2 protein chains.
Amino acid sequence: MIREKLDKFYSFVFEKELLDEIEQVGIYKKLRDGELLVDLGDQMKGVPLLLEGAIKIVREDKKGEEILLYFLEKGDTCASSFASAISNGKCGIRAIAEKDSEIIFLPKEKLDEWLVKYKSWRNFVIDSYNIRLNEMMETIDTLAFMKMDERLYKYLTDKAQILRETTLNTTHQDIAYDMHTSRVVISRLLKQLENEGKIRLYRNKIEILEF
Amino acid sequence: MIREKLDKFYSFVFEKELLDEIEQVGIYKKLRDGELLVDLGDQMKGVPLLLEGAIKIVREDKKGEEILLYFLEKGDTCASSFASAISNGKCGIRAIAEKDSEIIFLPKEKLDEWLVKYKSWRNFVIDSYNIRLNEMMETIDTLAFMKMDERLYKYLTDKAQILRETTLNTTHQDIAYDMHTSRVVISRLLKQLENEGKIRLYRNKIEILEF
DNA sequence: AGCGCTTTGTAACAAATGTCACATAGTAAT
DNA sequence: ATTACTATGTGACATTTGTTACAAAGCGCT
């Protein structure tokens, strides 16, 4: 069962021997929608491989203000926790399940060992870091170059793609938290997007009409 | 001479054997202030280790708009080019010397080989990625949570620290490019900082009075 | 000193975003 | 149906940031 999912997403990524090892030492865990996987300042004892679902990665500053960094999908891992695990440092982010998800938790003792043993693991780790760096750059582009209305539309379509749904169950306030702005601003711009025919608004629900 | 500098910054980081190898295959290069080291879309044939000086890493979008990501100092390497080198992908950033600098260029063929052979190399690579991820998160914090005046002051003090100078030789226009805003805005806020007694303004020069 | 060029200062205005206050609508529970 | 609560809509206004236009200052050159 676990092996099936492991094979499904990782058999083209990892050697058979590595998959065997992962099956042996990995700890399978189910996450429910909204569940907290990693919190700010946590000291990771390993890294999570995402088998199923979606995870939201959020940054928070001292004052408790939040901003969404990016989403993880199946096949992804959290590079930031890799860092934290291997160097015994603290994790600078918060990870929250965006829907019911399944992960395999890999204990940190193996992480370095596998770097030596498996070329596929080396590639995976490097790739993960690269994907994350690029994701961060995209976030920076978004913040630096785009106006709120564009950012909002990108947020909606990105989220819909990650969740594989054209209708998002969310409130204006939640979006405002993710984008680090106020509810009123979001309501205003959503209404604008609705008038442009790109979305349709309901209570607790936003339908995306145009991608 | 090269070996001296290599030893100076890296002898506590790398094993002697690795230092020997780096000395053998590494290509030493001097960069002059303002020289372009990596451009957008470059396909890296290796990674640079910074021996001396400071390098500015900049992001550019399609429209040619720029924003500063962070600075590299001696002892740093460019994680983004590591990515690009090992995966044969393109580099999403631009790297420009902020002052006269010296680097050693490591050919990409060795990068993976060393991951297997040297634990210190593995640590270095992982650390570099982590430092860079954290740097990016700080940039995101800055963009998401800070107002222009705070960002500007942070920019000035950060740059002064990197260059180890309390007086920056720069124009308002250059700052505006780095921060992706207009010259008028920068002039306005600089004047404000001067009135608050934090800096003093001259032509082509800004003295920082308070850190 | 006079000229040409770059840099800086500033006023006036425009646009984007944030804030406050309050009305209205939807939903669940009784 | 009434009540209580949450979510959304919207006007009015404040603040921040961006834009335009132009003046003034600094500096090198002759």
Side-chain angles (χ1 to χ4, degrees), chain A residues 34 61 63-68 140-156 159 167-209, chain B residues 33-34 61 63-68 139-156 159 167-209:
Chain A
D61 75 351
K63 289 175 242 149
E65 300 179 295
E66 279 196 7
I67 189 157
L68 172 74
I140 289 175
D141 287 352
T142 304
L143 287 170
F145 303 134
M146 288 165 66
K147 300 241 175 81
M148 268 293 173
D149 52 350
E150 289 179 277
R151 279 180 59 199
L152 176 57
Y153 187 58
K154 178 169 159 44
Y155 171 90
L156 295 173
K159 185 157 174 174
T167 301
L168 302 174
N169 293 293
T170 179
T171 66
H172 301 184
Q173 183 62 70
D174 286 341
I175 299 175
Y177 285 139
D178 279 352
M179 293 183 56
H180 190 252
T181 180
S182 79
R183 198 271 310 168
V184 180
V185 170
I186 295 297
S187 293
R188 187 155 63 202
L189 295 174
L190 281 173
K191 185 51 74 182
Q192 188 182 299
L193 286 174
E194 187 175 43
N195 290 338
E196 291 168 9
K198 294 182 180 168
I199 61 174
R200 188 166 301 154
L201 298 174
Y202 306 88
R203 187 186 169 88
N204 291 318
K205 218 164 61 171
I206 299 173
E207 188 187 354
I208 297 165
L209 303 173
Chain B
D33 191 359
D61 76 349
K63 291 175 239 148
E65 299 179 294
E66 278 196 7
I67 189 157
L68 172 73
T139 303
I140 289 175
D141 287 351
T142 304
L143 288 170
F145 303 133
M146 288 165 67
K147 300 239 177 82
M148 269 293 173
D149 52 351
E150 289 179 276
R151 279 180 58 199
L152 176 57
Y153 187 58
K154 177 169 160 45
Y155 171 90
L156 295 174
K159 185 156 173 172
T167 300
L168 301 175
N169 292 294
T170 179
T171 67
H172 300 184
Q173 183 62 70
D174 286 341
I175 299 176
Y177 285 141
D178 279 352
M179 294 184 52
H180 190 250
T181 180
S182 80
R183 197 272 310 165
V184 180
V185 169
I186 295 297
S187 293
R188 188 156 61 202
L189 295 174
L190 281 174
K191 186 51 74 182
Q192 189 183 299
L193 285 174
E194 187 175 44
N195 290 337
E196 292 167 9
K198 294 183 180 168
I199 61 174
R200 188 166 300 154
L201 298 174
Y202 306 87
R203 187 186 169 87
N204 291 319
K205 218 165 61 172
I206 299 173
E207 188 187 354
I208 296 166
L209 303 173

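In what follows, every chain begins at residue 1, and chains take the letters A, B, ... in the order their sequences are listed. As the structure is a prediction and not an experimental result, all values here were calculated from the model. As a basis for the values below, the full set of heavy atoms in this structure was taken, side chains included, without hydrogen atoms, waters or symmetry mates.
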Separation of [N] [atom2] from [X] [atom1] (nearest whole Å):
X: B:E150; N: D:dT17; atom1: CD; atom2: C1'; result: 15 Å
X: B:N195; N: C:dG9; atom1: CG; atom2: P; result: 10 Å
X: B:D174; N: C:dT7; atom1: CG; atom2: P; result: 8 Å
X: B:N169; N: C:dT7; atom1: CG; atom2: P; result: 13 Å
X: A:F145; N: D:dG18; atom1: CZ; atom2: C1'; result: 16 Å
X: B:L143; N: D:dT16; atom1: CG; atom2: P; result: 18 Å
X: B:L152; N: D:dT16; atom1: CG; atom2: P; result: 15 Å
X: B:I186; N: C:dT7; atom1: CD1; atom2: P; result: 15 Å

Sorted by position of nearest nucleotide on DNA chain C, 5' first, the leading residue of B:T170 and A:N204 is B:T170
So which pairs with a foot in residues 182-207 of chain A pass ring pair (Phe, Tyr, Trp, His ring centres under 6.0 Å), sequence neighbours left out?
none
Please report the shortest heavy-atom distance between B:I67 and B:L143, naming the atom on each side.
CD1-CD2, 3.7 Å
For the residue pair A:H180 and A:E66, what are the closest heavy atoms and their distance?
CB-O, 3.2 Å
Which nucleotide in the list C:dT7, C:dT10, D:dG9 gets nearest to the side chain of A:L201?
D:dG9
Side chain of A:T171 (C-beta onward), nearest among D:dA7, C:dT10, D:dG9:
D:dA7
Would you find more than 12 non-hydrogen atoms of other residues, nucleotides or ligands less than 6.0 Å from A:Y155 atom OH?
yes
Contacts of A:R203 and A:K191 projected onto DNA chain D by closest heavy atom; the upstream (5') one is A:R203
Quick check on D:dT8: is either OP1 or OP2 less than 4.0 Å from any side-chain nitrogen or oxygen of A:H172?
yes
Show your working on side chain to side chain contact (heavy atoms under 4.5 Å, CB included) between B:I140 and A:I140 and close with a plain yes or no.
CA-CA 6 Å; B:I140 289 175; A:I140 289 175; 3.5 Å; yes
Flag this pair as yes if the NZ/CZ of A:K63 is under 6.0 angstrom from the six-membered ring centre of B:F145 and inside a 45 degree cone about the axis; otherwise no.
no
Do nucleotides 17-24 of chain C as a string where each nucleotide becomes B, S or -: B if the base has a protein heavy atom under 4.0 Å, S if just the sugar-phosphate does, - if no protein is that close.
BBBB----
Between B:E194 and B:K191, is there a salt bridge with N-O shorter than 4.0 Å?
yes
